[in-house]
Structures are given as C-alpha cells and as structure tokens.
Trainee: 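My questions will all concern the structure given below.
Throughout, numbering of the chain's residues begins at 1 and tracks the sequence. These numbers were taken from a predicted model, which means no experiment stands behind them. Order of listing sets the numbers, starting from 1, for every ligand and every atom in it.
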Amino acid sequence: MAAFAPPPGTADIFPAEAGEWRFLENTAAKVFASYGYGELRTPVFEYTEVFQRGLGGETEVVQKEMYTFEDRGGRSLTLRPEGTAGVMRALTNTDVANGSEQRVFYYGPMFRGERPSAGRRRQFHQIGVENVGRCAALIDAECIAMLHNFLLAAGITGATFTINTRGVAADRVPAEAFLREYFSKHIDAMCPDCKNRLERNIWRILDCKQECCQPIIDNAPSYIDSFSDESKSYFAEVKAALTRLNVPFKVSSRLVRGLDYYVHTVFEVTHPAIGEQIAIAGGGRYELFLPGEKKPIPGVGFATGVERLLMVRDALQAPAVSGDRCDCCLIGLGAAARLENLVLADTLRKAGKNVALELEDRSFKAQMRFANRSLAPLAVIRGESEMEKQIAIVKNMADGSQIEIPEAGLTDYLLENI
Ligand code: HAM
C-alpha cells in the first residue's frame with residue numbers, strides 16, 4: 001500500500017503511543033487538581049482579534065505563524081496558536097472581572113505555521129494552566145512549583161528551570177531606552193534581524209541565537225537595575241519562595257519569552273537530554289485586557305509541549321506506560337463458536353474487561369498469532385468439538401499450559417481469573 005503521510009508538521013498518534021499521551025494528561029489532571037485547578041475546554045478556533053489583542057500584534061506568532069481563515073459570514077477566524085488568550089476570553093463569562101480567582105487547566109492541539117523540525121510541529125499539543133484574577137509573588141512560585149511537581153510525577157527528573165523578571169509595564173520604557181543606548185553602539189556587528197529589532201522590539205535581541213551577537217548580548221549591562229523597587233522586591237520574593245519549595249532554578253536576564261503579555265515573572269524549562277534549544281515548557285505572569293474592560297486582569301500560567309515531554313521521557317528511558325492491557329483473547333473455529341465468543345465478549349466487557357476476538361472466519365494459526373499480538377495473558381479456545389462437548393480450553397499464554405472449563409462455569413472462571 002502506498003504510504004499516505006499527513007501534512008508536514010502534523011502526525012498520527014497510534015494506540016501504542018496514545019497510552020503515553022493519556023498517562024501525561026491523567027498525571028497532569030491529578031497533580032493540578034491537588035492545587036485546586038479544574039479543566040476548561042475552549043474551542044480550537046477563535047475570532048482572530050482574540051489572539052491579535054491577547055498576544056500582541058508585534059509578536060512573531062501573530063505576524064507570521066497563525067492559521068487564519070474566513071468563516072462563511074466573512075469574519076476572520078484563527079486556529080489557536082496557544083491556550084492563554086482563548087482561556088481569558090472564556091473567563092470573561094465568569095465573575096473574574098469582579099475579582100474572583102479562577103484556576104483552570106487545559107490540554108489539546110495548538111497550531112503554528114512554523115518550519116517543522118525535531119520537536120517543532122505545526123500541530124502540537126499543550127498541557128497548560130492559568131491562574132487568573134490574583135497577583136502575588138507567592139502565586140507565581142506556587143505555579144512554578146506545580147510545574148516542577150508535574151514533571152517529576154511524569155517521570156521527568158533533571159529539568160532546568162530558568163526564570164527572569166520583565167518588571168511592571170512602567171519599567172519597560174526606561175529599560176528599553178537603557179538597552180537601546182547600549183546595543184546601538186554595537187549594532188553594526190550584529191545580525192540583520194537584530195538590526196531590525198533595535199527599533200521594533202529591542203527585547204528580542206536578548207534571545208537572539210546568532211553567534212556574532214552572543215558576546216555583545218553577554219556583555220550587556222543589567223537592565224533589571226533600572227527596574228522599580230516594586231518589581232525588584234516582587235522578583236526577590238518569587239526566588240525566596242522557590243528556594244523554600246526546593247525548586248532548583250537559575251536566573252537569566254536573557255530570558256524574555258516571545259509573547260507580549262508578560263509582566264514580572266517569566267520562566268522556561270529545558271532538559272539536558274534533548275538540548276537547551278528546545279523548551280519543554282514556558283510561562284509567566286501576564287496582564288490581559290478583557291473586551292470592554294478598562295483594567296487589565298492579572299494571571300499567571302504555563303504550557304508544556306506534550307511532544308517534547310515525550311521526547312524527554314524517551315531520552316531518559318522512563319518506564320514505558322502500557323496502553324490499555326488486553327485481559328483475554330477469544331479464539332473460535334466455526335460459526336457457532338464465533339457467535340458464542342461474541343456473546344461471551346459482551347458479558348466480559350460489560351464487567352469492565354478488555355477482550356480481543358476475531359470475528360471473521362480465520363484459521364487457528366492466524367487466530368493464535370492475533371492472540372499473541374494482543375498480549376492477553378489468557379486465551380479461550382473453542383472449535384466444533386469443544387462446542388459439542390460444551391467446554392472451552394483456557395490457555396495460559398505465558399507458560400502454554402491449558403485446562404478445560406465447562407461452558408456453564410466459563411464466564412465465572414474468567415471473571416475470577418482475568
Ligand atoms: P510558548 O512558550 O509559546 O508559551 O509555548 C509553550 C510550550 O509549547 C513550549 O515550551 C513548547 O514546549 C511547546 N511548543 C510551542 N511551539 C511548539 C511547536 N511548534 N512544536 C512543538 N511544541 C511547541 C505559550 O504558549 C503560553 N501560552 C504559555 C503560557 C500560559 N503563559 C502563560 N500562561
């Protein structure tokens with residue numbers, strides 16, 4: 001059969017792998033619930049302005065990477081490139097605008113028109129959280145510690161947490177002037193992208209990866225010194241709380257994050273097993289304006305990339321999580337045996353057992369191969385002679401031993417033994 005691949009940057013997830021995905025989702029739901037977070041499901045597409053306004057028109061995601069199309073009425077819609085903006089849009093329908101706190105988590109596909117590469121997809125999946133309606137350094141620390149705990153519960157040890165502060169909005173203008181003064185002296189030696197960033201978005205110079213820019217960025221004076229006392233003491237409180245919570249972290253003033261909505265704490269997580277160019281999670285504190293509201297709503301949150309978490313689990317050779325185990329496989333030769341098997345499977349499945357069976361007329365050999373592939377510990381075998389004698393053969397697939405069980409007691413025997 002000719003291979004028919006899905007579009008570049010997307011992938012099919014087959015049952016053997018889907019068990020790992022469900023493990024991560026279930027682990028996340030369990031850990032997040034212990035911090036009071038409940039699940040929120042939002043649409044995978046939104047009106048385009050939700051992202052333009054939410055993420056900022058100058059960000060790379062909004063300028064270059066969104067999948068945007070018109071709906072039948074001519075309104076512009078966009079496949080969500082991330083979760084935060086849609087969650088905030090949904091929370092306008094709660095009393096968050098009146099000062100209540102909301103703790104929500106989400107998982108699902110996100111879409112960005114990036115050039116596909118290892119760990120970079122056009123449809124990728126995030127597990128994320130948002131804590132909306134409160135602003136406190138201790139909430140930021142709690143949120144980062146929750147991410148740390150989730151990674152540990154997911155079998156991911158040794159992750160590197162990098163944090164930084166972006167200060168309050170009012171700190172930005174003097175800090176930008178401070179950075180512009182320094183970088184304009186060196187701009188001739190910098191890459192073409194940084195030349196553009198000098199006027200358009202000076203912060204992005206700090207996370208430029210081009211070699212020619214590295215020594216210049218490394219020697220930049222600390223803009224955080226120019227931040228207000230409020231911003232500095234907020235950041236000091238986050239760091240102190242993380243230390244008390246035993247979350248190992250390093251501080252880098254080069255961490256600015258790609259989205260415009262951040263204030264105060266920002267953070268990113270990498271893992272040495274897959275390299276520090278590939279973030280497995282990112283987040284921070286933000287302020288977003290809800291439609292019609294004059295005051296921004298504060299929040300803090302993060303999103304992890306599921307494909308990247310799986311890359312780390314793979315590299316760490318974390319114990320594989322099996323999908324749903326098959327409890328028993330039914331093998332039938334002849335129409336009467338196959339019908340009895342179908343009825344038996346129905347009874348066992350209603351009792352919560354996972355049953356595999358072949359319902360087409362296949363040879364005994366083919367059915368035994370199927371039973372082996374199913375990894376079921378027990379196989380039930382019956383052909384015409386077993387049907388006549390009203391018995392079934394139950395085979396232990398591990399050691400090959402088999403016993404005869406009278407048909408009348410077969411269901412009870414299986415319910416007790418599988
Ligand atoms: P982000 O850093 O753009 O933040 O994405 C979060 C994570 O999603 C990344 O660390 C990465 O693991 C994964 N990711 C992003 N793009 C791709 C891609 N093309 N292929 C595979 N994985 C990818 C956000 O999305 C923010 N909404 C996070 C946040 C929540 N901030 C506050 N609350």
Side-chain angles (χ1 to χ4, degrees), residues 8-11 13 21 24 28 32 37 40 42 46 50-51 54-56 59-62 64-67 79-91 102-133 135 139-140 143-144 146-147 150-151 154 156 159-164 166 204 207 255-271 274-288 297-313:
T10 69
I13 295 136
W21 287 66
L24 288 180
F32 300 162
Y37 285 73
L40 175 64
T42 62
E46 298 274 356
V50 169
F51 304 114
L55 314 190
T59 57
E60 200 150 303
V61 171
V62 169
K64 297 195 203 141
E65 296 173 356
M66 296 210 302
Y67 285 103
L79 295 181
R80 62 182 182 193
E82 58 97 61
T84 311
V87 165
M88 290 300 270
R89 195 248 339 115
L91 292 181
Q102 297 281 335
R103 294 180 167 222
V104 297
F105 73 88
Y106 49 90
Y107 30 59
M110 309 288 160
F111 305 86
R112 295 184 193 175
E114 297 191 82
R115 188 197 295 255
S117 62
R120 178 162 292 120
R121 298 269 181 93
R122 289 182 176 163
Q123 177 177 328
F124 59 99
H125 298 76
Q126 287 186 340
I127 294 177
V129 309
E130 311 295 345
N131 178 322
V132 180
C135 177
I139 297 181
D140 300 12
C143 186
I144 297 171
M146 179 169 79
L147 173 56
F150 163 56
L151 293 178
I156 296 177
T160 308
F161 281 67
T162 305
I163 67 169
N164 189 23
R166 304 225 50 203
R204 296 316 303 266
D207 68 2
L255 177 70
V256 289
R257 307 261 311 128
L259 310 169
D260 271 0
Y261 46 51
Y262 293 108
V263 292
H264 286 306
T265 322
V266 284
F267 52 95
E268 230 160 58
V269 183
T270 56
H271 199 288
I274 59 167
E276 59 178 35
Q277 301 295 337
I278 305 178
I280 57 174
R285 173 156 290 285
Y286 53 85
E287 282 180 341
L288 278 178
I297 306 286
V300 63
F302 62 77
T304 64
V306 176
E307 286 84 354
R308 297 180 181 187
L309 296 179
L310 292 174
M311 282 167 73
V312 177
R313 278 183 51 81

Trainee: Just distances here: any N/O of V300 and N/O of ligand 1 closer than 3.5 Å?
Mentor: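 No - when backbone and side-chain N and O of V300 are compared with those of ligand 1, no distance drops under 3.5 Å.
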Trainee: Would you please test I280 and I274 for side-chain contact (heavy atoms from CB on, under 4.5 Å) and show each step?
Mentor: CA-CA 9 Å; I280 57 174; I274 59 167; 3.8 Å; yes
Trainee: Distance only, no hydrogens: is a donor on one side chain within 3.5 Å (strictly under) of an acceptor on the other, for R166 and Y262?
Mentor: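 No, Y262 and R166 have no side-chain donor paired with an acceptor closer than 3.5 Å.
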Trainee: Report the nearest protein non-hydrogen atom to atom 20 (N) of ligand 1: residue, atom name, distance rounded to 0.1 Å.
Mentor: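 Looking at atom 20 (N) of ligand 1, the protein heavy atom closest to it is R121 N, 2.9 Å.
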Trainee: Quick one: are I144 and F302 in side-chain contact, heavy atoms under 4.5 Å?
Mentor: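 With C-beta onward as the side chain, the pair stays apart.
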Trainee: Can you tell me the protein heavy atom closest to atom 19 (N) of ligand 1 and the distance?
Mentor: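 Looking at atom 19 (N) of ligand 1, the protein heavy atom closest to it is E114 OE2, 2.6 Å.
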Trainee: Checking a contact table here: which protein heavy atom is nearest atom 13 (C) of ligand 1, and how many Å away?
Mentor: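 Of every protein heavy atom, G305 CA, 3.7 Å lies nearest to atom 13 (C) of ligand 1.
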Trainee: Which residue and atom name correspond to the protein heavy atom nearest atom 26 (C) of ligand 1, and how close is it?
Mentor: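 Among all protein heavy atoms, the one nearest atom 26 (C) of ligand 1 is Y261 OH, 3.4 Å.
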Trainee: Which is closest to atom 3 (O) of ligand 1 by heavy-atom distance: R115, R112, R257?
Mentor: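 Among R115, R112, R257, the closest heavy atom to atom 3 (O) of ligand 1 belongs to R112.
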Trainee: Can you pull out the closest protein heavy atom to atom 23 (C) of ligand 1? Residue, atom name and distance to 0.1 Å, please.
Mentor: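 Here the nearest protein heavy atom works out to F124 CD1, 3.4 Å.
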Trainee: How far is atom 31 (N) of ligand 1 from its nearest protein heavy atom, and which residue and atom name does that atom have?
Mentor: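 Looking only at protein heavy atoms, the one closest to atom 31 (N) of ligand 1 is Y262 OH, 2.8 Å.
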Trainee: Mind checking what makes ring pair (Phe, Tyr, Trp, His ring centres under 6.0 Å) contact with H271, not counting sequence neighbours?
Mentor: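 Scan of H271 (ring pair (Phe, Tyr, Trp, His ring centres under 6.0 Å), adjacent residues dropped) gives none.
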Trainee: With heavy atoms of G283 as the reference, note each atom of ligand 1 found under 4.0 Å away.
Mentor: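 Those atoms are 31 (N).
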Trainee: For atom 28 (C) of ligand 1, which candidate among G83, A85, G282 provides the closest heavy atom?
Mentor: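 Looking at heavy atoms only, the winner is G282.
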Trainee: With atoms numbered from 1 as shown, which atoms in ligand 1 lie under 4.0 angstrom from a non-hydrogen atom of E82?
Mentor: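 Once the distances to E82 are compared, the set is 25 (O), 26 (C), 27 (N).
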Trainee: As an exercise, identify every atom of ligand 1 less than 4.0 angstrom from a heavy atom of R120.
Mentor: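 Counting from 1, the qualifying ligand atoms are 19 (N), 20 (N).
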Trainee: Is the shortest side-chain heavy-atom distance between Y106 and Q126 below 4.5 Å?
Mentor: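 Side chain of Y106 against side chain of Q126, heavy atoms only: contact under 4.5 Å found.
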Trainee: Do R121 and T10 have side-chain heavy atoms sitting under 4.5 Å apart?
Mentor: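 Heavy-atom side-chain distance check fails, nothing below 4.5 Å.
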Trainee: Does Y261 reach the side chain of T84, with side-chain heavy atoms less than 4.5 Å apart?
Mentor: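 Of all side-chain heavy-atom pairs linking T84 with Y261, at least one is under 4.5 Å.
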Trainee: Atoms of ligand 1 less than 4.0 Å from I280 heavy atoms?
Mentor: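 Reading through ligand 1 atom by atom, the close ones are 10 (O), 12 (O).
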Trainee: Can G128 be said to touch ligand 1, with heavy atoms closer than 4.0 Å?
Mentor: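 No heavy atom of G128 comes that close to ligand 1.
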Trainee: Just checking F111 against Y67, ring centres under 6.0 Å apart?
Mentor: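 Between F111 and Y67, the centre distance exceeds or equals 6.0 Å.
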Trainee: Identify, for atom 21 (C) of ligand 1, the protein heavy atom at the shortest distance, and state residue, atom and that distance.
Mentor: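 Looking at atom 21 (C) of ligand 1, the protein heavy atom closest to it is G119 O, 3.2 Å.
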Trainee: Looking at non-hydrogen atoms alone, which of G284, S117, A279, A303 comes nearest to atom 12 (O) of ligand 1?
Mentor: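 Of the listed residues, A279 has the closest heavy atom.
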Trainee: Under 4.0 Å from a heavy atom of E130: give me the atoms of ligand 1 that qualify, with their elements.
Mentor: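 What qualifies from ligand 1 is 30 (C), 32 (C), 33 (N).
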Trainee: Do you know which of L288, V104, V300, L91 makes side chain to side chain contact (heavy atoms under 4.5 Å, CB included) with V132?
Mentor: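 So the option named by the test is L91.
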Trainee: If you look at every heavy atom in A281 and L147, which pair is closest and at what distance?
Mentor: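 Shortest heavy-atom separation between A281 and L147 comes out as CB-CD2, 4.0 Å.
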Trainee: Against heavy atoms of Y286, which atoms of ligand 1 measure under 4.0 Å?
Mentor: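 Selected atoms, number and element: 32 (C), 33 (N).
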Trainee: To the nearest 0.1 Å, how far is atom 8 (O) of ligand 1 from its closest protein heavy atom, and which atom is that?
Mentor: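 Heavy-atom neighbour on the protein nearest atom 8 (O) of ligand 1: Q126 NE2, 3.2 Å.
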Trainee: Hey, does E276 have a side-chain heavy atom less than 4.5 Å from the side chain of T160?
Mentor: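 Heavy-atom side-chain distance check fails, nothing below 4.5 Å.
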Trainee: Do M110 and P81 come within less than 4.5 Å of each other through their side chains, counting heavy atoms only?
Mentor: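 The answer is no; the side chains never approach within 4.5 Å.
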